[in-house]
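In what follows, a structure is listed as structure tokens, so that the remarks can point back to it.
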Amino acid sequence: MKPSLPQGTRDFNANVIGKRNYIFNIIRSVFELYGFQPIETPAMENLDTLMGKYGDEGDKLIFKILNNGLDNIAKHESARQEFEKILQGKNTKGITERALRYDLTIPFARYVAMNHGQLTMPFKRYQIQPVWRADRPQRGRYREFYQCDADVVGSYSLMNEVELANIYATVFSKLGIGVEIKINSRKVLAALAEIIGGADKIIDITIAIDKLDKIGLEKVKEELAQRGLEEHQINAIEKYLAINGANEEKIIALKDLIGDNETGKKGIEEIEFVINYPKENFGVTSEIVTDFTLARGLNYYTGIIFEVKAKDAEMGSIGGGGRYDDLTGTFGVPNIAGVGISFGVDRIYDVMDELKLFPDNVAKSTQVLFFNLGESESKMAFGIMQQLRAKNIRCEIYPDQAKFDKQFKYAEKKDITYAIIIGTEEMNTNMVKLKNLQTGTQHNFAVEELFKFDF
RNA sequence: GAGGAUAUAGCUCAGUCGGUUAGAGCGACAGUUUGUGGCACUGUAGGUCGUGGGUUCGAGACCCAUUAUUCUCCCCA
């Protein structure tokens, strides 16, 4: 059979892993710098845990796992009946009761709900693990991809939002990616909907205006009309969308429009806090841009929302997050507020690769290759190699006795800097020959001297 | 879920108007002094042309179906 990969999945070679780890390490170190601690959760969750948390579109993209034992003859009849429900688009435990996780936030909420008695609040955790979505793959979109999440639960303070924005700014500055950190509040969007008398249409409104920079004003208006908004409502939304300028100008204009609304007032205060707080307190603010068209698809957000876009690359968002005030409520533990952000490593990788932002030495390879020139020669080499390894120098020996040519080429392919050659001559004098393959220079060393060499 | 594109050697791709034995570059392997690599040269291996039908004297090429991949939309990281 001809082997192949499932759609939207990838293998990673050593070079790619090196670059990915470079990104992971920077994100991880910044998370820890800000006091977040790691947890991990299983690849699969009970389907109940995930369903209904991501909206209708999201639910469709959850990978479901077929139950085992459906071929058990004793259960054939009930299995057939259960499958009828599947054909009608319903989920049923009789056929599938587990699913691959769709994101890291809901599993985290499940974790908090199960462990809140033991957790010290506010609880700050980070999590770096793959997630799966049954989406159609395309540029920057995969069916298996990594998310790096940092969340704080058990605190309503907006200082958390400030910290998370700082994490975004710090990570992307370390990675060398120029970004815009877009910020908005769901409360602002809610206020807009209330004011134009379409509170029940808030989802339709946000979905439509979220597309503004992609499809333009006219198309957004068309879509609003299609979604049942009336003309005077659309005109009001148009005014809202026309807001632009620097952050301060935008906020003034926004106050003018929705500042009298109680929800709107709160939303504006939130945004002002997150923007202004770091200015007075050595934070990173230059990348934060208010964007009142930002909506985000996930329907559990209730306050500040974030989204990060790379400035110099055509790519969807490379990070996103926001505040959710009652995520554990659906798991029976009410009143735990939370706020979090997420990094899309696979997209960050694509952006960095395109902009050539990876340093040269990210992929660590072997430092020293011992040539194999015969049985007794390789024995001596082996002994020396073990002693170098004890000094944390990455070594390997060519396993077969082979021509120089072949061993040199092997070293070259693996990007190995040093070759150590031990032949009969060297063996008889207890010397080794060390060759730098990049410069071509070589020297003889007494074995004792070699151990002092700075590789 | 909707639409477009592609499928030929391990990889990237040529292959004209349908014509006889399907090509190149790269890679792999071997050799050009059995103790000094990268370069160069020589040679070798490797293909049921995605799969199944059809048209034709003749199909890698044309038609239909199918599968896979990829891009766009929806949605999203």
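All of these numbers come straight from a predicted model, not from anything done at the bench. Naming convention: chains lettered A, B, ... in sequence-line order (proteins, then strands); numbering from 1 in each chain.
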Report task. Pick the P atom in B:U55 and in B:C64, then give their distance to the nearest Å. Result -> 15 Å
Requested in this report: By nearest nucleotide on RNA chain B, pick out whichever of A:Thr424 and A:Phe145 is the more 5' one.
Outcome: A:Thr424
Requested in this report: Mind telling me whether A:Tyr54 and A:Tyr102 have parallel, tilted or perpendicular rings, with 30° and 60° as the class edges?
Outcome: tilted
Query raised in the report: So which of A:Phe108, A:Phe31, A:Phe343 actually passes ring-ring contact (aromatic ring centres under 6.0 Å, His included) with A:Tyr126?
Result: A:Phe31
**Report entry** Nearest-Å distance for atom pair CG/C1', residues A:Asn372 and B:U34
**Finding:** 14 Å
Query raised in the report: With both distances kept under 3.5 Å, what pairs with B:G3, Watson-Crick or G-U wobble?
Result: B:C71
Query raised in the report: Hey, does the side chain of A:Arg296 come within less than 4.0 Å of B:A77's phosphate (OP1/OP2), counting only N and O?
Result: yes
Query - A:Lys60 side chain near B:C74 phosphate (N/O to OP1/OP2, under 4.0 Å) - result: no
Requested in this report: Please measure how far the C1' atom in B:C41 lies from the corresponding atom in B:G47, and state the result in whole Å.
Outcome: 27 Å
Query - Candidates B:A28, B:C74, B:G37 - which lies nearest the side chain of A:Lys413 - result: B:A28
Query - Touch class at under 4.0 angstrom, heavy-atom based, for A:Lys406 against every strand present - result: sugar-phosphate
Report task. Sticking with atom P, work out how far B:A28 lies from B:C49, rounded to a whole angstrom. Result -> 27 Å
Query raised in the report: Counting only side-chain N and O atoms of A:Lys409, is one of them less than 4.0 Å from OP1 or OP2 of B:U36?
Result: no
Report task. Look at the rings of A:Tyr240 and A:Phe292 and say which category their plane angle falls in: under 30° parallel, 30 to 60° tilted, over 60° perpendicular. Result -> tilted
Query - Closest-nucleotide ordering on RNA chain B, the 5'-leading residue of A:Gly58 and A:Ile421 - result: A:Ile421
Query raised in the report: Heavy atoms under 4.0 Å, any strand shown: does A:Gly140 hit a base, just sugar-phosphate, or nothing?
Result: base
Report task. Report yes if at least one side-chain N or O of A:Gln7 is closer than 4.0 Å to OP1 or OP2 of B:A68; otherwise report no. Result -> no
Query raised in the report: With sugar-phosphate meaning primed atoms plus P, OP1 and OP2, does A:Leu5 contact a base, only sugar-phosphate, or nothing at under 4.0 Å between heavy atoms?
Result: sugar-phosphate
Query raised in the report: Between atom CD1 in A:Ile305 and atom P in B:C76, what is the gap in whole Å?
Result: 11 Å
Query raised in the report: When rounded to the nearest Å, what value does the distance between C1' atoms of B:G4 and B:U8 take?
Result: 22 Å
Query raised in the report: Does B:C71 have OP1 or OP2 sitting under 4.0 Å from an N or O in the side chain of A:Gln138?
Result: no
